[in-house]
Structures are given as structure tokens and as C-alpha cells.
*Asks:* 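Quick one: the structure is below, and I'll ask about it shortly.
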Amino acid sequence: MKHKVWVYTAAVISSLLCACKNVTTEEDIVTDNNNASEATVEMSEEEKGAFASGIATEEVSENAAAEETASETVLNDEVEERCPATYSSKRPGVNYSEYTHGTYYSETCGMERGYSILLPADYSADKKYPVLYMLHGIFGDEYSFPRDAGSKIKEIVANMAADGWIEETIVVCPNMYAATDPNQQPGFNAEACIPYDNFINDLVNDLMPHIESTYAVRTGRENTYLGGFSMGGRETIFITLQRPELFGYVCAISAAPGVVPSSDKFMTHPGQMTEEEMRFAEDAIVPNVFIICCGSRDSVVGTFPKSYHEILERNGSAHIWYEINGADHDNNAVNSGVYNLFKQIANVKK
Ligand code: FER
């Protein structure tokens, strides 16, 4: 057993190293099922961080926004693969707020749980704001996006609001590991993933009511947005299909396997539903916008997001699918997804 754990740990570490060098091919990811096992995976905090909010990418230069002013951004319904630097960079004259931390009692988990929240810079209890719930990757928590310098969520939201494209919006980053046992740990085996699949209950029954009663929030599906990266992308798809009436605008970025039964080099996934079941119910109120996207050379989830798109298409469930050419399992994908989610929101609401 010990040997198995070490062999498996070595396989995971070597695949992460490959991920950083971007040499893993999609074929490696999707067809290499032989290593699937229920073994415990041991990883360093740094390696876990690469999953939680993406593999580190190069910083966008502070001058990038200025360099880009020549290429005007236009509000229309077109997806842009890359988040324009003018949205991902800090601009003079725009106020950016910082994430703060709060807690709520979760009946679902039987314990107090934390979340990070980004209130607009001039937040006022006299106004009301829409809310984006933004779900982190595996091994992450409510600090994953706030502490990742490459994740430009606060810049994108503030810049788009400054341009008048979107309303000022609250962003909530929950802890998506909704375990009832405080000692349970995430990992690459079916049992360790159950708390992620339980997050739907914590979100709908505990966190959303807490946010809506604590902050000046505009409620209802038109004002409630859902996004997630990787494991958070998988749960975004699951939650959206289960409760499509709650979220008007959704984006699943680089979604992890496991919505439907499958195997990859990390583990075998029993599946949250069958491929046949992966659809909106016939009479469902569906999101106005449901984006599924992924980097074209994602070294962690490979072509699983594309397969979700293909299943949804086969099942007649409306969504937008696009690939970010050249992006890995990284913040190029995260920032692209967040930007395009808000661009679609802006275009529908304009
Ligand atoms: C898996 C592949 C990737 C998986 C999870 C991930 C639970 C998640 C990666 C991430 O969140 O970055 O097989 O199984």
C-alpha cells in the first residue's frame, strides 16, 4: 500500500511538473486511464495551490492597458478568447477594493464556515448590488482567488463597472469543501470529493441566505451569477443543472472531470449524473448565459470541458462553448472566463 501511495504520488508530482512546463498532451490526460486509483495523494502546499486557482502565469505588465488603448473594446455578444489587458490591469482613476473575510453558520455542515467577499470600492448599504459566487479549484478555499496575484477578478469587475458596462457587483468566494467532518480532507478519490458535491446544499441553504441578509444584495436569478474554475467549474455545472432557476448568468472555466462517469490519471469518477441526465429539465427556467470554456492546452483537465460541451449539445441544452487558444490550466483561462461572463451580462442587460 505504501509503495502504491509513493508510486502514485510520484506520478502526480511528475504530471504537475509537466503541467508547469506545458508538455503534457491532451492525449496523456484523457486516455491515460491506467493510473486511476483510490490512493491517497500527498502534495506540497505549492502543488495544491496550482490546482486551487490555476498554474502561475506571467503577470500582465502594468503598462499593458495603455499599450492596448489603440484596440478599442466594443460591447457586443462576441466572445473574446483573452481578457483584454485594459480590463485585467489597474487603471489610474479607478478605485479597486480589497477582499475581506466573513463567516456564517452552515446548517449543512454543522459548523461555522468562512468566505471572502469583494464589495465595490464605494459600497453603500443604500444601494443594491448583484452578486457573483466564484468557486475555487480542488485543494482551495475562500482565499484561493483573493491571494492569487494572477487572478484579476477585482480589476475586471471594477474596470467594467467604471466603463459603465456592468453594475458594480459583489464577488463572493466561498470555501467549496462542504464537509460535515472538520477533519476530512480533499483528495483524488470518490469519498474525498463528496463534500464538493455537497456544496450545492451549503450554497443554496446557508451561504446565499447569509449573504442576502447581511449585504445590500439585489436578489433573484437576474442578479445572481455563478462561476467556477476547475473543481469549481465542475460544481458550477452541477449546481446549474440542478438549480437552473437560481442563476441567470453562469461560467464554468476549465471544469474538472466527474460530472459524468469517467477516468483520468488522477482517479475514477463515479459521476454526479449519467450523460443522458446531463441536461436542463424540459420545463426548466434556464440561465440567460451559460458559458463553458477551457484553455486549448489545459494540462490538468484536458478535453473534459469540451466533452461537457458535446454532451450538452447532444442533449439540446443551450450554452456557449469556447476555447482559449494557447491557455493552460491557468489564470489566462480564469480571467478570460470572468471577463466573458461579465461581457455577456453587459450585453444582455444593455
Ligand atoms: C481530476 C482532475 C482535475 C479531479 C479534479 C481535478 C477530483 C481538479 C483540478 C483543479 O481543481 O484544479 O480527476 O478529480
Side-chain angles (χ1 to χ4, degrees), residues 8-9 11-16 18-20 22 24 26 28-41 43-57 134-145 148 150-151 173-179 184-199 227-238 251-272 292-295 297-308 327-334 337:
Y8 192 63
T9 303
V12 168
I13 290 173
S14 76
S15 77
L16 278 171
C18 288
C20 297
N22 302 330
T24 310
E26 286 176 2
D28 290 335
I29 306 284
V30 179
T31 59
D32 179 8
N33 297 339
N34 299 334
N35 286 340
S37 90
E38 296 296 301
T40 309
V41 177
M43 279 188 222
S44 71
E45 292 310 306
E46 195 183 336
E47 286 155 354
K48 287 180 182 175
F51 283 93
S53 60
I55 296 165
T57 45
M134 190 68 202
L135 314 185
H136 59 75
I138 196 165
F139 302 123
D141 59 23
E142 69 266 34
Y143 298 108
S144 298
F145 289 119
D148 183 343
S151 152
C173 300
N175 177 342
M176 205 182 61
Y177 200 60
Q184 193 177 357
Q185 295 295 323
F188 288 112
N189 64 77
E191 202 191 332
C193 287
I194 290 171
Y196 288 121
D197 296 343
N198 190 34
F199 179 67
F229 171 68
S230 200
M231 200 62 178
R234 156 177 150 173
E235 297 308 327
T236 293
I237 294 174
F238 180 61
C251 183
I253 305 161
S254 317
V259 176
V260 296
S262 59
S263 285
D264 68 355
K265 63 184 171 185
F266 296 108
M267 63 176 282
T268 295
H269 295 275
Q272 296 164 309
I292 295 181
C293 62
C294 190
R297 53 190 189 93
D298 189 306
S299 56
V300 177
V301 302
T303 53
F304 282 105
K306 188 175 189 189
S307 74
Y308 293 148
D328 196 347
H329 199 67
D330 60 21
N331 277 312
N332 290 315
V334 172

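Just so you know, ligand 1 is whichever comes first in the structure, and atom 1 is the first atom listed for that ligand.
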*Asks:* What atoms of ligand 1 come within less than 4.0 Å of a heavy atom belonging to Met267?
*Replies:*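 That gives atoms 7 (C), 14 (O) of ligand 1.
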
*Asks:* Verify the ring-centre separation between Phe229 and Phe51: is it less than 6.0 angstrom?
*Replies:*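 No, ring centres 6.0 Å or more apart.
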
*Asks:* Under 3.5 Å between some N or O of ligand 1 and some N or O of Pro257?
*Replies:*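 In this structure, Pro257 places no N or O atom under 3.5 Å from an N or O of ligand 1.
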
*Asks:* With Cys294, which of Val301, Ile253, Thr303 fulfils side-chain contact (heavy atoms from CB on, under 4.5 Å)?
*Replies:*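 Only match with Cys294 under side-chain contact (heavy atoms from CB on, under 4.5 Å): Val301.
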
*Asks:* Indicate whether the side chain of Glu235 and that of Gln272 have a donor and an acceptor atom separated by less than 3.5 Å.
*Replies:*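 Looking only at side-chain atoms, Gln272 and Glu235 do form a donor-acceptor pair, the distance falling under 3.5 Å.
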
*Asks:* To the nearest 0.5 Å, what is the distance between CG (Leu135) and OG (Ser144)?
*Replies:*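 Going from the CG atom of Leu135 to the OG atom of Ser144 covers 11.0 Å.
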
*Asks:* Which protein heavy atom lies closest to atom 14 (O) of ligand 1, and at what distance to 0.1 Å?
*Replies:*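 Nearest protein contact, heavy atoms only, for atom 14 (O) of ligand 1 is His269 CE1, 2.9 Å.
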
*Asks:* Measure the OG1-CE distance between Thr236 and Met176 for me, rounded to the nearest 0.5 Å.
*Replies:*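 Here the rounded value is 7.5 Å.
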
*Asks:* For the residue pair Asp328 / Ser299, report whether a side-chain donor-acceptor contact shorter than 3.5 Å exists.
*Replies:*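 A pair is found: one side chain offers a donor N or O, the other an acceptor, under 3.5 Å apart.
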
*Asks:* Please list the nearest protein heavy atom to atom 11 (O) of ligand 1 with its residue and the distance rounded to 0.1 Å.
*Replies:*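 Ranking protein heavy atoms by distance from atom 11 (O) of ligand 1, first comes Ile138 N, 2.7 Å.
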
*Asks:* Please list, in number order, the atoms of ligand 1 under 4.0 Å from a heavy atom of Gly137.
*Replies:*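 Contacts of ligand 1 toward Gly137, numbered from 1: 11 (O).
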
*Asks:* Identify the closest protein heavy atom to atom 10 (C) of ligand 1: which residue and atom is it, and at what distance?
*Replies:*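 The answer is Ser230 OG, 2.5 Å.
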
*Asks:* Which of the listed options, Phe139, Phe51, Phe188, Phe304, holds the heavy atom that is closest to atom 12 (O) of ligand 1?
*Replies:*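 The nearest heavy atom belongs to Phe51.
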
*Asks:* I'd like to check whether His329 has a polar contact with ligand 1, where a contact means an N/O of the residue lying under 3.5 Å from an N/O of the ligand.
*Replies:*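 Checking ligand 1 against His329, an N or O pair does fall under 3.5 Å apart.
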
*Asks:* Heavy-atom contacts with Cys193 under 4.0 Å: which atoms of ligand 1 show up? List them by number with element.
*Replies:*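 Near Cys193, the atoms of ligand 1 are 7 (C).
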
*Asks:* Give the atom numbers and elements of ligand 1 that come within less than 4.0 Å of a heavy atom of Ala256.
*Replies:*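 So the answer, numbered in order with elements, is 5 (C), 6 (C), 8 (C).
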
*Asks:* Would His136 count as a contact residue for ligand 1, given that I'm defining contact as a non-hydrogen atom of the residue lying under 4.0 Å from a ligand atom?
*Replies:*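 In this structure, His136 fails to qualify as a contact of ligand 1 - no heavy atom is under 4.0 Å.
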
*Asks:* Can you name the atoms of ligand 1, numbered from 1 with element, that are less than 4.0 Å from a heavy atom of Asp264?
*Replies:*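 Selected atoms, number and element: 1 (C), 2 (C), 13 (O).
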
*Asks:* At a 4.0 Å threshold, what atoms of ligand 1 neighbour a non-hydrogen atom of Phe266?
*Replies:*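 Here the atoms of ligand 1 in question are 1 (C), 2 (C), 13 (O).
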
*Asks:* Could you walk me through whether Tyr143 and Asn175 pass side chain to side chain contact (heavy atoms under 4.5 Å, CB included), step by step?
*Replies:* CA-CA 8 Å; Tyr143 298 108; Asn175 177 342; over 6 Å; no

*Asks:* Between the side chain of Asn189 and the main-chain N/O of Ala192, is any donor-acceptor distance below 3.5 Å?
*Replies:*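 The answer is yes, because a donor-acceptor pair under 3.5 Å joins these two groups.
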
*Asks:* Going by atom types only, do His269 and Ser263 share a side-chain donor-acceptor pair under 3.5 Å?
*Replies:*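 Distance-only check fails for His269 and Ser263.
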
